[in-house]
Amino acid sequence: MFASSHRKALLGAVLLGTAAGAFAATTSLQDLGDGFTQSGTGASESFAEAPASGGSLADMVERVGPAVVQIEARMGGQASEMAFDGLPFGADPRSPFGGRGNGQPEMAVGSGFVIDASGIVVTNNHVVENAQTITVKLSDGRELPGRVLGRDPKTDLAVVKIESGGPFEAIAWGDSDHARVGDDIFAVGSPFGLGNTVTSGIVSARGREIGAGPYDDFLQVDAPINSGNSGGPLFNGAGHVIGVNTAIFSPSGGNVGIGFAIPSRLAQSVVAQIVKDGHVSRGRIGVALQPLNAEIAQQLGLSDARGALIADVETGGPAEAAGLQRGDVVTAFNGRPIPDSRELARAVASAKPGSTLSANIIRDGHDSRVNLRIAEMSDS
């Protein structure tokens, strides 16, 4: 398995939603999934493009607001207890990612957004987890049934299909790779089940790792978001979605100005696979990774500590077949620079199983290149 060591959980981080049921992609949705895959960093042709500039924030919110929805996930039985994205009253907010405490709520409330007029909704996995029934509440007051097409716990993403009432207003993906620290952003969601609420701020940091999963690469923002915002969109100044709001750092469970969003580059890829196939396929090459620090880099004769250090190679795996060895440092993968082990883990996971991709390595001070046959990662 492809893994990076020494991951650190960020105590006090609180998930903003609860998660999903079974998936069932249909044949009619495969064509839509193909469109997602071909669209690259942009939106599919059916997406409603927002203008790049002009107008006030109020004008922009008016355009995108109808595509933001509230999601109610019923776990079964009567809704005697409600959780706003997985943090029921009485849970210990100091525990990592908001444990449920002693009570299991009957219904969870989170947010989501429509990305296709047919009713494809993006939300968080933890918003719809274990849900038996899904209700999608639109900004115009309609309450429509939904079903979970698929979930991806490793990135905390899920896709819901609204079952009736279309066509729907949809919003466009933006490019999170171009988001810079200091850029203006705004978030729309349903904090505490109140319905569409707009808050604004800036991108505070990029590439945050909070121990939420193996592919952490969060955008950090200071826009006020709270329980119930999970799965809601994070917009850039042009009104395009550059992130999916997922967690907050809080000692009390409330907003303190530190929120985290899954970047759209990752979210769009995962969502496209779920829509097309009902699940997410990831690549693996059969190595264990170790962080490369300055001391180890010096021992290896490297000029700096950039790259991913291979700590072990799986017997019979793709890496061994390609000639990779323990102690090799991977500096590029498929033409993409690799600054650290986390980036290599994400790059390999996003590679298509069955494809053959190149990796640049340093061994004993010498540069070389190998070709790797990408295997498929198991769900376990």
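In this structure, the separation between CG on D312 and CD on Q325 is 12.0 Å, given to the nearest 0.5 Å. For the atom pair S176 OG and Q268 CD, the distance stands at 9.0 Å (nearest 0.5 Å). Put simply, CD on Q273 and NZ on K352 are 10.0 Å apart, with the number rounded to the nearest 0.5 Å. Atom CG of N334 is separated from atom CG of N371 by 10.5 Å, given to the nearest 0.5 angstrom. In this structure, the separation between CD1 on I374 and OG on S350 is 9.5 Å, given to the nearest 0.5 Å. R147 CZ to T133 OG1: the interatomic distance, rounded to the nearest 0.5 Å, is 14.5 Å.
Between the side chain of N196 and the backbone N or O of G65 there is at least one donor-acceptor pair closer than 3.5 Å. N360 places no side-chain N or O within donor-acceptor distance of the main-chain N or O of T331, the cut-off being under 3.5 Å. Using modelled atom types, one side-chain atom of E320 and one backbone atom of G316 make a donor-acceptor pair closer than 3.5 Å. At least one donor-acceptor pair closer than 3.5 Å links the side chain of Q132 to the backbone N or O of M75. The closest donor-acceptor contact from the side chain of R363 to the backbone of S368 lies at 3.5 Å or more, if one exists at all. Of the possible donor and acceptor atoms, one in the side chain of T123 sits under 3.5 Å from a partner among the backbone N and O of S111. The closest donor-acceptor contact from the side chain of T199 to the backbone of A223 lies at 3.5 Å or more, if one exists at all. The backbone N or O of A311 sits less than 3.5 Å from a side-chain atom of R326, completing a donor-acceptor pair.
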Practice problem: Evaluate the side-chain contact (heavy atoms from CB on, under 4.5 Å) criterion for residues K137 and E143: first the C-alpha distance (whole Å), next the side-chain angles of each, then the deciding distance (0.1 Å), finally the verdict. | Solution: CA-CA 4 Å; K137 292 187 174 183; E143 298 185 11; 3.2 Å; yes
Practice problem: Before giving the answer on side-chain contact (heavy atoms from CB on, under 4.5 Å), spell out for L372 and F333 the whole-Å C-alpha distance, their side-chain angles and the decisive distance to 0.1 Å. | Solution: CA-CA 10 Å; L372 291 156; F333 179 78; 4.1 Å; yes
Exercise. Take I162 and V121 through the side-chain contact (heavy atoms from CB on, under 4.5 Å) test and state the conclusion after the steps.
Key: CA-CA 7 Å; I162 304 175; V121 176; 3.8 Å; yes
Practice problem: Decide side-chain contact (heavy atoms from CB on, under 4.5 Å) for I171 and V114; before the verdict, give the C-alpha distance in whole Å, the side-chain angles of both, and the deciding distance to 0.1 Å. | Solution: CA-CA 6 Å; I171 48 181; V114 180; 5.9 Å; no
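The heavy-atom pair separating I262 from T155 by the smallest distance is CD1-O, 3.1 Å. The heavy-atom pair separating G174 from H240 by the smallest distance is CA-CB, 3.6 Å. When all heavy atoms of G239 and M60 are compared, the pair lying nearest together is N-SD, 3.3 Å. The two residues K161 and S118 make their nearest non-hydrogen contact at NZ-O, 3.0 Å. The shortest heavy-atom contact between V68 and P233 is CG2-CG, 3.7 Å. Counting all heavy atoms, side chain and backbone alike, A131 lies closest to A73 at CB-CB, 3.7 Å.
Within a 6.0 Å radius of CD in E62, other residues, nucleotides and ligands contribute 12 heavy atoms or fewer. For E163, the CD atom is densely surrounded, since the number of other residues' heavy atoms within 6.0 Å is greater than 12. D364 CG: 12 or fewer foreign heavy atoms inside a 6.0 Å radius. For R142, the CZ atom sits in a packed shell: over 12 heavy atoms of surrounding residues, nucleotides or ligands are nearer than 6.0 Å.
The aromatic rings of F113 and W173 lie perpendicular to each other, with more than 60° between the two planes, well past the 30° mark.
At a threshold of 4.5 Å between non-hydrogen side-chain atoms, the residues V241 and V64 do not count as touching. The closest side-chain heavy-atom distance from V148 to V159 is not below 4.5 Å. Side-chain contact between I134 and I71: present, with at least one pair of heavy atoms (C-beta onward) separated by less than 4.5 Å. The side-chain heavy atoms of S200 and I185, taken from C-beta on, include no pair separated by under 4.5 Å. Under the 4.5 Å side-chain criterion, counting only non-hydrogen atoms from C-beta, Q290 is in contact with I296. Side chains of M107 and T135 form no contact here, defined as non-hydrogen atoms less than 4.5 Å apart. Two residues are said to be in side-chain contact when any heavy atoms from C-beta on lie closer than 4.5 Å; P263 and D217 meet this criterion. The side-chain heavy atoms of V136 and F168, taken from C-beta on, include no pair separated by under 4.5 Å.
The cluster map of Ile, Leu, Val, Met, Phe, Trp and Tyr, joined by side-chain heavy atoms under 4.5 Å apart, puts V313 and V330 in the same cluster. Residues L292 and I310 fall into different hydrophobic clusters, defined by Ile, Leu, Val, Met, Phe, Trp and Tyr side chains chained together at heavy-atom separations under 4.5 Å. One hydrophobic cluster holds both F186 and V244 under the rule that ILVMFWY side chains link at heavy-atom gaps under 4.5 Å. Put simply, V329 and I361 are part of two different groups of oily side chains (I, L, V, M, F, W, Y) that touch within less than 4.5 Å, one to the next. I242 and V188 fall into different hydrophobic clusters, where Ile, Leu, Val, Met, Phe, Trp and Tyr side chains are chained together by heavy-atom contacts under 4.5 Å.
In this structure, a donor-acceptor pair under 3.5 Å is present between the side chains of N124 and T246.
In this structure, R306 does not pair ionically with D304, as no charged nitrogen and carboxylate oxygen lie closer than 4.0 Å.
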